[in-house]
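Please read the structure below before turning to the comments.
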Number of protein chains: 2
Amino acid sequence: MNKRYTIGQAAEATGLSIHTLRYYEKEGILPFIKRTESGIRIFDDEDIQRIEFLNCLRNTGMPIHQLKEYVDLALQGDKTIDERVRMLENQKEKVEHEMNVLKSYIDMINYKTDLYSKLKNEMTKAHLQ
Amino acid sequence: MNKRYTIGQAAEATGLSIHTLRYYEKEGILPFIKRTESGIRIFDDEDIQRIEFLNCLRNTGMPIHQLKEYVDLALQGDKTIDERVRMLENQKEKVEHEMNVLKSYIDMINYKTDLYSKLKNEMTKAHLQ
DNA sequence: CCTTGACCTAGAGTGAACTCTAGGGTGTAT
DNA sequence: ATACACCCTAGAGTTCACTCTAGGTCAAGG
């Protein structure tokens, strides 16, 4: 039961817009999409999964041209697995680094809100005197 | 010893470009910058710190218009502290949420690299047989 | 004085990633 | 057979956040 989807249903399933799916295909990062004889795109469950993974990479900040690089490697078959793994590990490191940076920003924001609440406290005291 | 800085030195100190500093001022998020009589910008240590904090917010994904909103509140004085704290708490939640999402993406990438290494393993076995 | 490097403004240009439009085809239900 | 929702393409438009350019001003050293 490998379901078929139109582009509208694929958009629904992946959370991307129809426009974005067509754009991604045009950019070459969805080379696996089939068509009917009349030219209408057909997606199956595997396609949806692949799009979801690409979207995951995209959401970690990987730019389109690099997604294309990854997909192009995949199209060349198993001999490129090492290189694909390298890309993924590299992206993972970037995300981990980004998370550490975000953590430090949270600390800065906390520091600031602490300052504010102390300031409020002072103001209240001053008011009561 | 509250040092003075030209825009070039301020750029150096904050890691932003001269262009970006001027752009931020034009957008109204650096209303505290003074000028010499002849119109040249002067930054002091406090300015540098404020810019660094704004840049921290910016790097967490807060858009320019919202930074402006925050700065506009600050210009109105202490009576807006609650609202500013609300903005900061809100941004903090967004960052925390983003970190969780990134964490889940790391899990997805790990899952994929595991698949790849299993696949490699199978291939090696097959080759040895 | 004059050169030189850093500063100024207004406004144009850039790059990334969509997002939309116009004009036209498809397919299914009445 | 016609209405209607959904599909297609090519290409234009949008948004965001810078980034740069042209044409000029300023200030310190020689």
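Note that the structure is a prediction, hence the values are computed from the model and not measured. Within every chain, numbering begins at 1; the chains are lettered A, B, ... in the order of the sequence lines, protein sequences first and strands thereafter.
Taking the charged nitrogens against the carboxylate oxygens, A/K103 and A/D107 do have a contact shorter than 4.0 Å, which makes a salt bridge.
A/T6 comes within 4.0 angstrom of sugar-phosphate atoms only, judged by non-hydrogen atoms across all strands, and of no base. Residue-level contact check: B/R41 touches the backbone only, with heavy atoms under 4.0 Å from sugar-phosphate atoms and none from bases.
Of the two residues contacting DNA chain C, namely B/G8 and A/R58, the nearest-nucleotide position lying further toward the 5' end is that of B/G8. Between A/I42 and B/I40, it is A/I42 whose nearest contact on DNA chain D lies nearer the 5' terminus.
In this structure, A/R4 is not positioned above the aromatic face of A/F43 in the sense of NZ or CZ being under 6.0 Å from the six-membered ring centre and within 45° of the axis.
When all heavy atoms of A/R22 and A/R41 are compared, the closest pair comes out as CD-NH1, 3.4 Å. When every heavy atom of B/N2 is checked against every heavy atom of B/E46, the shortest pair comes out as OD1-N, 4.2 Å. Nearest heavy-atom pair, B/L21 versus B/L30, reported as atom, atom and distance to 0.1 Å: O-CD1, 3.6 Å.
When each of D/dA27, D/dA17, C/dC18 is scored by its nearest atom to the side-chain atoms of B/S38, the top-ranked nucleotide is D/dA27. The side chain of B/I64 sits closest to D/dC18 out of D/dC18, D/dC26, C/dT19. Nearest nucleotide to the side chain of B/K26, out of C/dT26, D/dG11, C/dG11: C/dG11. Listed nucleotides: C/dC20, C/dA17, D/dT9. Nearest to the side chain of A/H19: C/dC20. Closest to the B/I18 side chain, of the nucleotides C/dC7, C/dG27, C/dA17, is C/dC7.
The shortest distance between the side-chain N/O atoms of B/R22 and the OP1/OP2 oxygens of D/dT19 is not below 4.0 Å. At least one side-chain nitrogen or oxygen of A/R35 sits closer than 4.0 Å to the OP1 or OP2 atom of D/dT9. B/Y23 has no side-chain polar atom (N or O) that falls below the 4.0 Å cut-off from OP1 or OP2 of D/dC16.
Rounded to whole Å, atom P of D/dC16 lies 18 Å from atom CG of B/N59. Following rounding to the nearest Å, B/L21 (CG) and C/dT9 (C1') show an atom-to-atom distance of 16 Å. Taking atom CD1 of residue A/I7 and atom P of nucleotide D/dC7, one finds them 7 Å apart after rounding to whole Å.
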